[in-house]
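Notes for the one structure printed next.
What you are looking at is a predicted structure, and each value in this text was computed from that prediction instead of being measured.
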Amino acid sequence: ATMYRCCDLGNNRSWVPDVGSLASQQIVRGIGGRLMGGLSTSEQNLVGGDEGVASFVYQGVEGDAFKITMLGTGCGWISRHCAAGANGIVLWMSNAAKFFIFGGTGIGSLGKPVPIGCPIEQDVFGHLDEAEWGVVHCGLDLAHQEAWFFYPDNRDTGSECSRVASVAWTEADSEGA
């Protein structure tokens with residue numbers, strides 16, 4: 001479990017939940033022990049931990065600024081910059097040795113993370129240098145509906161991203177996370 005905290009709206013010095021304040025704190029279960037990053041999508045924020053992914057929707061209630069919904073476990077982010085999003089779609093590289101897509105938009109359609117079947121997945125994750133997971137980066141090629149994952153390969157020397165995997169998100173599995 002991870003503790004989430006947010007300050008009062010317009011006052012970043014007030015972090016204590018109180019009457020008349022939007023400052024809030026909450027335990028988020030299922031996301032893991034470490035928050036990796038977050039992205040703003042259509043009407044929500046997607047927050048990735050080392051074990052799972054949650055949706056944070058602003059509701060503006062005193063002492064409870066965000067409604068938090070767990071979207072999936074076993075699909076945690078591999079690094080801080082392993083995800084990218086556009087038009088309500090978020091893609092990321094998971095420490096569960098899979099690529100994931102989240103296409104939920106809006107409050108009424110949260111959706112869930114779905115693994116993307118990829119023919120090079122075994123090669124990428126089989127040679128991903130675990131000691132350097134933190135340098136994995138993701139970028140999107142919207143014209144071709146591809147996510148590009150830059151990663152360190154243990155067959156190469158050095159500790160930087162030495163290879164890229166291009167993953168088309170139009171081929172997502174239907175089973176989900």
Side-chain angles (χ1 to χ4, degrees), residues 1-96 98-114 128-142 147-152 159-161 169 176-177:
T2 300
M3 170 71 77
Y4 137 82
R5 296 182 82 188
C6 97
C7 67
D8 190 15
L9 184 64
N11 183 0
N12 64 0
R13 304 185 111 209
S14 173
W15 289 83
V16 178
D18 200 1
V19 176
S21 170
L22 290 179
S24 59
Q25 66 183 32
Q26 196 172 8
I27 300 289
V28 183
R29 301 198 186 288
I31 204 165
R34 182 175 178 200
L35 292 179
M36 303 302 285
L39 291 170
S40 178
T41 69
S42 300
E43 300 181 30
Q44 64 189 319
N45 297 303
L46 195 69
V47 176
D50 59 355
E51 293 178 12
V53 177
S55 167
F56 283 51
V57 176
Y58 180 74
Q59 58 187 6
V61 176
E62 291 180 3
D64 194 16
F66 290 91
K67 178 183 179 198
I68 301 171
T69 305
M70 275 306 299
L71 299 174
T73 58
C75 57
W77 290 12
I78 200 167
S79 74
R80 184 176 179 185
H81 300 288
C82 73
N87 304 322
I89 295 171
V90 178
L91 297 104
W92 67 92
M93 181 184 274
S94 173
N95 55 19
K98 292 187 177 292
F99 299 104
F100 281 89
I101 184 171
F102 171 75
T105 58
I107 296 169
S109 175
L110 290 174
K112 64 180 182 176
V114 178
L128 183 63
D129 188 350
E130 288 186 43
E132 302 298 333
W133 279 6
V135 301
V136 171
H137 275 68
C138 178
L140 299 181
D141 177 357
L142 296 176
W148 288 35
F149 297 95
F150 300 87
Y151 66 98
S159 60
E160 295 302 318
C161 295
W169 67 71

- Task: Find the distance between CG (D50) and CG (N95) and round it off to the nearest 0.5 Å.
- Result: 6.5 Å
- Task: Would you check if I101 and I89 make a side-chain contact, meaning some heavy-atom pair closer than 4.5 Å?
- Result: yes
- Looking only at heavy atoms, what is the nearest atom pair of L140 and G85, with distance? CD1-C, 3.7 Å
- Heavy atoms only: give me the nearest S24-A65 pair and the separation to one decimal. OG-N, 3.5 Å
- Can you check whether T69's main-chain N or O pairs, donor with acceptor, with S55's side chain at less than 3.5 Å? no
- Message: Any heavy-atom pair between the side chains of M70 and V28 that's under 4.5 Å?
- Response: yes
- For V53 and V47, what are the C-alpha separation, side-chain angles and deciding distance, and is it a side-chain contact (heavy atoms from CB on, under 4.5 Å)? CA-CA 6 Å; V53 177; V47 176; over 6 Å; no
- Query: If you look at every heavy atom in G52 and C75, which pair is closest and at what distance?
  - Reply: CA-SG, 4.3 Å
- Message: Rounded to the nearest 0.5 Å, what separates atom CG in D8 from atom CG in L22?
- Response: 5.5 Å
- Message: Does the plane of the ring in Y4 sit parallel, tilted or perpendicular to the ring in F56? Use 30° and 60° as the thresholds.
- Response: perpendicular
- Positive for ring-ring contact (aromatic ring centres under 6.0 Å, His included) with W92, one of F102, F149, F100: F100
- Less than 4.5 Å apart, any side-chain heavy atom of P152 and any of V136? yes
- Message: Determine whether a donor-acceptor pair (N or O, by modelled atom type, separation under 3.5 Å) exists between the side chain of H81 and the backbone of S79.
- Response: no
- Minimal non-hydrogen separation, V135 against C161, with atom names: O-SG, 3.1 Å
- Note on the structure: dist T2:OG1 -> L35:CG (nearest 0.5 Å) comes out at 5.0 Å
- From Q26 CD over to K67 NZ, what is the distance, rounded to the nearest 0.5 angstrom? 11.0 Å
- Message: Quick check for you: to the nearest 0.5 Å, what is the distance between F66 atom CZ and Q59 atom CD?
- Response: 9.5 Å
- Could you pull out the closest heavy-atom pair between I68 and A54, with the gap in Å? CG2-CB, 4.2 Å
- With rounding to the nearest 0.5 Å, note down the distance linking CG in L128 to OH in Y151. 8.0 Å
- For residues G49 and M36, report the shortest heavy-atom separation together with the two atoms involved. C-CG, 3.6 Å
- side chain to side chain contact (heavy atoms under 4.5 Å, CB included) against R5, all qualifying residues, sequence neighbours excluded: M3, W15, Q25
- Query: Taking the side chain as C-beta and beyond, is there a heavy-atom pair between E51 and I31 under 4.5 Å?
  - Reply: no
- Message: Are the side chains of E62 and V19 in contact, using a 4.5 Å heavy-atom criterion?
- Response: yes
- Query: Counting heavy atoms not belonging to W148, are there more than 12 under 6.0 Å from its CH2?
  - Reply: no
- Item | Main-chain N/O of N45 paired to S40 side chain as donor or acceptor, under 3.5 Å | no
- Query: Under the 3.5 angstrom rule, does the side chain of S94 hit a backbone N or O of F99 as a donor-acceptor pair?
  - Reply: no
